[in-house]
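Beneath this line is the structure, given in structure tokens, with notes to follow.
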Amino acid sequence: MKTSPKIKKAASSKPAKPKKEPNFLDTVYAIVRRIPKGRVTSYGAIAERAGIRLSARMVGWAMNAAGSAPKPVPAHRVVNSKGLLTGKHHFPTPTLMQELLEAEGIEVKNDQVQHFDKVFWNPPLPKKKA
DNA sequence: GTCGTGACTTCCA
DNA sequence: CTGGAAGCCACGA
């Protein structure tokens, strides 16, 4: 009995997921900002949690945008799968990234994170939690 | 409107 | 085991 058999449910269609960010960019920020101090994560891990494992590159782009992000993003805690500070060149200063990591208690040698598997932080699902 | 690049990852030979 | 290529989305010129 629908007077209109073809009417769309709720005038304004809202098929999009209410919990999904408009763009994975915000999702990446959310995850990166959840990185605890003294821990680092990799682009792939974030990308995987963001649901774009095949687009790990975009994570890097997101970090690039992080410099322009409305909120500070600990991009220095994000390294590649090898624990290399690949993005250090994009920082205001190429040594800032290492300095920040060392300041957090992370050992960095030759642009490589020491004990990477120990300081590696597995990003949990970005559960919306107040 | 089209082409190219990019802070990566993963697969295949 | 090692090396090479492809893939993804977005932005810039």
Side-chain angles (χ1 to χ4, degrees):
Chain A
M1 322 174 5
K2 270 168 142 217
T3 34
S4 302
K6 264 190 166 180
I7 187 147
K8 264 188 193 162
K9 180 164 84 157
S12 38
S13 51
K14 260 172 138 160
K17 296 166 196 181
K19 279 193 174 177
K20 185 112 173 172
E21 304 291 342
N23 36 18
F24 81 102
L25 190 104
D26 288 341
T27 305
V28 172
Y29 284 171
I31 296 168
V32 174
R33 281 193 286 146
R34 271 162 209 176
I35 300 174
K37 185 179 98 174
R39 284 287 183 316
V40 295
T41 187
S42 67
Y43 296 92
I46 297 167
E48 191 169 88
R49 283 305 170 201
I52 55 167
R53 169 185 54 181
L54 299 177
S55 301
R57 279 178 162 175
M58 301 299 70
V59 179
W61 162 75
M63 296 290 102
N64 185 7
S68 266
K71 278 182 180 182
V73 179
H76 64 269
R77 290 181 187 152
V78 183
V79 297
N80 69 350
S81 295
K82 296 177 203 149
L84 278 176
L85 311 184
T86 51
K88 73 169 192 175
H89 286 140
H90 288 260
F91 272 75
T93 52
T95 52
L96 178 64
M97 190 171 192
Q98 181 170 337
E99 292 287 313
L100 290 169
L101 290 173
E102 288 185 333
E104 304 213 337
I106 296 171
E107 270 189 80
V108 181
K109 193 125 197 160
N110 207 9
D111 303 342
Q112 188 172 337
V113 175
Q114 302 302 295
H115 311 290
F116 176 59
D117 51 350
K118 290 189 180 188
V119 298
F120 179 78
W121 173 76
N122 190 353
L125 287 171
K127 246 177 148 193
K128 188 86 165 291
K129 195 178 132 220

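In what follows, every chain begins at residue 1, and chains take the letters A, B, ... in the order their sequences are listed.
Note that CG of A/L100 is 10.5 Å distant from CG of A/L85, once rounded to the nearest 0.5 Å. Distance CG/A/L101 to CD/A/E99: 9.5 Å, rounded to 0.5 Å.
Checking each of A/I31, A/T27, A/T41 against A/R49 for a side-chain contact (heavy atoms from CB on, under 4.5 Å) leaves exactly one that passes, namely A/I31.
Spacing between atom CE of A/M58 and atom P of C/dC8 amounts to 12 Å, rounded to whole angstrom units.
Along DNA chain B, the stretch of nucleotides lying under 4.0 Å from any heavy atom of chain A spans, 5' to 3', B/dG6 to B/dT9.
Taking atom P in both C/dA6 and B/dG4, one finds a spacing of 14 Å when rounded to whole Å. Taking the P atoms as reference points, B/dT5 lies 15 Å from C/dA5, given to the whole Å.
Counting non-hydrogen atoms under 4.0 angstrom, A/I52 reaches nothing in the nucleic acid. Contacts of A/N64 with the nucleic acid, taken as non-hydrogen atoms under 4.0 Å apart, include base atoms.
In terms of modelled atom types and a separation under 3.5 Å, the side chain of A/N80 and the main chain of A/K82 share a donor-acceptor contact.
Residues that satisfy the side chain to side chain contact (heavy atoms under 4.5 Å, CB included) test with A/E48, not counting sequence neighbours, are A/R53.
For the residue pair A/K37 and A/R77, the shortest heavy atom distance occurs at CA-NH2, 3.9 Å. The minimum heavy-atom distance linking A/R39 with A/W121 is given by the pair CB-CB, 3.6 Å. Between A/P92 and A/L96, the shortest heavy-atom distance links the atoms CG-CD2, 3.6 Å. Residues A/V40 and A/V113 come closest through the heavy atom pair CG2-CG1, 4.4 Å.
A heavy atom lying under 4.0 Å from DNA chain B marks none of the residues of residues 98-114 of chain A.
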With 3.5 Å as the limit, what N/O pairs link the protein to nucleotides 1-6 of chain C?
none

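A side chain to side chain donor-acceptor pair (under 3.5 Å) check over residues 83-98 of chain A, counting only residues at least two apart or in different chains, returns the pairs A/K88-A/D111, A/Q98-A/E102.
Heavy-atom nearest nucleotides on DNA chain B were determined for A/A75 and for A/E48, and the one closer to the 5' end corresponds to A/A75.
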Name every donor-acceptor pair, under 3.5 Å, that has one atom in a side chain of residues 54-75 of chain A and the other anywhere in the protein, sequence neighbours excluded.
none

